[in-house]
Engineer: 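Structure below; questions to follow.
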Amino acid sequence: MLIHFTHKVQKGFSLIELMIAMTLGLLLISGVVQIFLSSKQAYSTVSGSSETLDGGRLALHFISSSVSKGGYWGDVSFIRGYGSDETLTATQTAGTNAPYNDSYSGRFINNSYIFGLNNDGADAGVIDGTDQFFIRFNGHDINPMTNCAGDAVNAQSVAIERFYISIANGSERLPSLVCETTVLILDQATGDISLPADPEIKTQVLISGVENMQILYGQRSLDNSTVRYYTATDVTNWTLVESLRIALLVASSDEVNSVSRTVGYNLLDETTSVPTDLRARKVFERTIAMRNINYDDSE
């Protein structure tokens, strides 16, 4: 007697099995997506922090490099005056703190090499509430110095550099640290400074993403006993400024934070407003020593 076995052929998943598989698949995909989003957020945060760190360090490097040249003069016996073709008032000739502004070369008094403006609110190209400063230096023939635009500055030249925080415009979608520079003519025989026949101002964006700059100036007392820090408004004698304490607020180019900040940032004598975006930000501070031949430090 022959016995026949009947085999049932499975042609697919049951509805229950399919639902279980889809549920497990969704859970797995959800986990992978969460890991991806967390990794992306972590990468963005680290990238934003690195960007601000690099930007802040480079900004301080550029400023420190320029400040270290401020006050260099081939012949220290020359009075660092305004120039033979410029008109001086009696007060300014006496070398007091009254600033001189020729709208081109910056603001200096006799024998000074630095000048600052506190909390700008008048220049449309400068972010309101930020500080700016000017420095000047003489060049050298054997080893020419360079200004922030890369131009050589020889012994017959005086470079003037102005640092400020520009508003976002044109190709720069973020506020930037900017150096504006020009080169004047120095008469080595007399020490007089004059404008060239075809004067030119060059503007160089140094670091994008610098939102704020605050500066305090270290002014030595007349008896050389103390150094105190003042805002540009409160400096009483620019010829005795021997150091610069600077704070920069640098932001990332993209929004990388997941939580909004609820307070502003403290920069020396100022506190910024609360940010309205999620970009990473960091405050950088440095005290920079400056050359100064206007006081006696021999004791």
Engineer: Run the side-chain contact (heavy atoms from CB on, under 4.5 Å) test against A152 and tell me which residues pass, sequence neighbours left out.
Structural biologist: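 Listed in chain order: P144.
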Engineer: Which class fits the ring pair W238 and Y217: parallel under 30°, tilted 30 to 60°, perpendicular over 60°?
Structural biologist: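 Plane angle over 60°, so perpendicular.
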Engineer: Among D254, V256, N257, L174, find the residue that satisfies the side-chain contact (heavy atoms from CB on, under 4.5 Å) test when tested with R279.
Structural biologist: L174
Engineer: Counting only N and O atoms by type, is there a donor-acceptor contact under 3.5 Å from the side chain of T182 to the main-chain atoms of E200?
Structural biologist: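 Yes.
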Engineer: If Ile, Leu, Val, Met, Phe, Trp and Tyr residues are connected whenever their side-chain heavy atoms lie under 4.5 Å apart, and connections chain through other members, are F163 and L249 in the same group?
Structural biologist: no
Engineer: Could you pull out the closest heavy-atom pair between N147 and A159, with the gap in Å?
Structural biologist: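 Taking every non-hydrogen atom into account, CB-CB, 4.3 Å.
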Engineer: Supply the atom-to-atom distance L268 CG to T231 OG1, rounded to the nearest 0.5 angstrom.
Structural biologist: 11.0 Å
Engineer: Write down the atom of G56, the atom of V250, and the distance for their closest heavy-atom approach.
Structural biologist: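 Looking at all heavy atoms of both residues, the shortest contact is CA-CG2, 3.8 Å.
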Engineer: Check whether any side-chain N or O of T272 sits under 3.5 Å from a backbone N or O of Y265 as a donor-acceptor pair, and report yes or no.
Structural biologist: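 A pair under 3.5 Å: yes.
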Engineer: I'd like to check S176 versus L206 (side-chain heavy atoms, cut-off strictly below 4.5 Å). Are they in contact?
Structural biologist: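 A side-chain contact under 4.5 Å is absent here.
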Engineer: Tell me, please, whether Y164 has R162 positioned over its six-membered ring: NZ or CZ under 6.0 Å from the ring centre and within 45 degrees of its axis?
Structural biologist: yes
Engineer: Establish whether V235 and I246 are linked, either directly or via other cluster members, by ILVMFWY side-chain heavy-atom contacts under 4.5 Å.
Structural biologist: yes
Engineer: Would you confirm whether R261, through its side chain, and G264, through its main-chain N or O, come within 3.5 Å as a donor-acceptor pair?
Structural biologist: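 Side chain of R261 to backbone of G264, a donor-acceptor pair under 3.5 Å: yes, one is there.
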Engineer: Between D120 and D128, does a side chain to side chain contact (heavy atoms under 4.5 Å, CB included) hold up when you go through it step by step?
Structural biologist: CA-CA 5 Å; D120 176 81; D128 290 348; 4.2 Å; yes
Engineer: Is it possible for you to say whether I114 and W73 belong to one hydrophobic cluster, with membership spreading through side-chain heavy-atom contacts below 4.5 Å?
Structural biologist: yes
Engineer: Tell me, with the steps shown, if K282 and D54 meet salt bridge (charged side-chain N to carboxylate O under 4.0 Å, His left out).
Structural biologist: CA-CA 11 Å; K282 184 174 176 61; D54 291 342; over 6 Å; no
Engineer: Which pairs pass ring pair (Phe, Tyr, Trp, His ring centres under 6.0 Å) with one or both residues in residues 183-207, sequence neighbours excluded?
Structural biologist: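 Found none.
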Engineer: Is there a continuous path of hydrophobic side-chain contacts, each under 4.5 Å between heavy atoms, that joins V283 to L177?
Structural biologist: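 No, it is not one cluster - the side chains of V283 and L177 are not joined through contacts under 4.5 Å.
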Engineer: I need the minimum non-hydrogen distance between E161 and S66, along with the two atoms involved.
Structural biologist: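 Where E161 meets S66 most closely, the heavy atoms are OE1-OG, 2.9 Å.
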Engineer: Return the minimal non-hydrogen interatomic distance between P175 and E211, and the atom names on each side.
Structural biologist: CB-CA, 4.1 Å
Engineer: First locate atom CG of N118, then atom CG of D131, and finally report the distance between them rounded to the nearest 0.5 Å.
Structural biologist: 4.5 Å
Engineer: Ignoring hydrogens and geometry, is there a side-chain-to-backbone donor-acceptor pair from R136 to S112 under 3.5 Å?
Structural biologist: yes
Engineer: Without hydrogens or angle criteria, can the side chains of T181 and Q204 be said to hold a donor-acceptor pair below 3.5 Å?
Structural biologist: no
Engineer: Are the side chain of Q214 and the backbone N or O of G129 linked by a donor-acceptor pair below 3.5 Å?
Structural biologist: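 Here the side-chain-to-backbone pair exists.
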Engineer: Can Y113 be reached from L184 by stepping across I, L, V, M, F, W or Y side chains whose heavy atoms are under 4.5 Å apart?
Structural biologist: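 Cluster IDs for L184 and Y113 match.
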Engineer: Measure the OH-CG distance between Y230 and N237 for me, rounded to the nearest 0.5 Å.
Structural biologist: 11.0 Å
Engineer: Going from SG on C179 to CD1 on I135, what distance comes out if it is rounded to the nearest 0.5 angstrom?
Structural biologist: 7.5 Å
Engineer: Roughly how far, to the nearest 0.5 Å, is CG of L267 from CG of L248?
Structural biologist: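 CG of L267 is found 7.5 Å from CG of L248.
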Engineer: Is the side chain of S64 donor-acceptor paired with the backbone N or O of H61 at a distance under 3.5 Å, no angle test?
Structural biologist: no
Engineer: Does the side chain of I165 reach to within under 4.5 Å of the side chain of N212, using non-hydrogen atoms?
Structural biologist: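 In short, these two side chains do not touch, never coming nearer than 4.5 Å.
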Engineer: Of all the heavy-atom pairs spanning N138 and S157, show the shortest one and how long it is.
Structural biologist: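 Smallest interatomic distance, heavy atoms only, reads ND2-O, 2.7 Å.
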Engineer: CZ of F284 to CG of L53: how many Å apart, nearest 0.5 Å?
Structural biologist: 5.0 Å
Engineer: Counting C-beta onward and ignoring hydrogens, is there a side-chain heavy-atom pair between Y229 and S243 closer than 4.5 Å?
Structural biologist: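 SC-SC contact between Y229 and S243 confirmed.
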Engineer: Run through T239, T236, T226 and flag the one making a side-chain hydrogen bond (donor to acceptor under 3.5 Å, both in side chains) with Q219.
Structural biologist: T236
Engineer: Please check this pair: side chain of D141 against backbone of A155, looking for a donor-acceptor N/O pair closer than 3.5 Å.
Structural biologist: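 Answer holds: yes.
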Engineer: Are any non-hydrogen side-chain atoms of R173 and S253 less than 4.5 angstrom apart?
Structural biologist: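 Side chain of R173 against side chain of S253, heavy atoms only: contact under 4.5 Å found.
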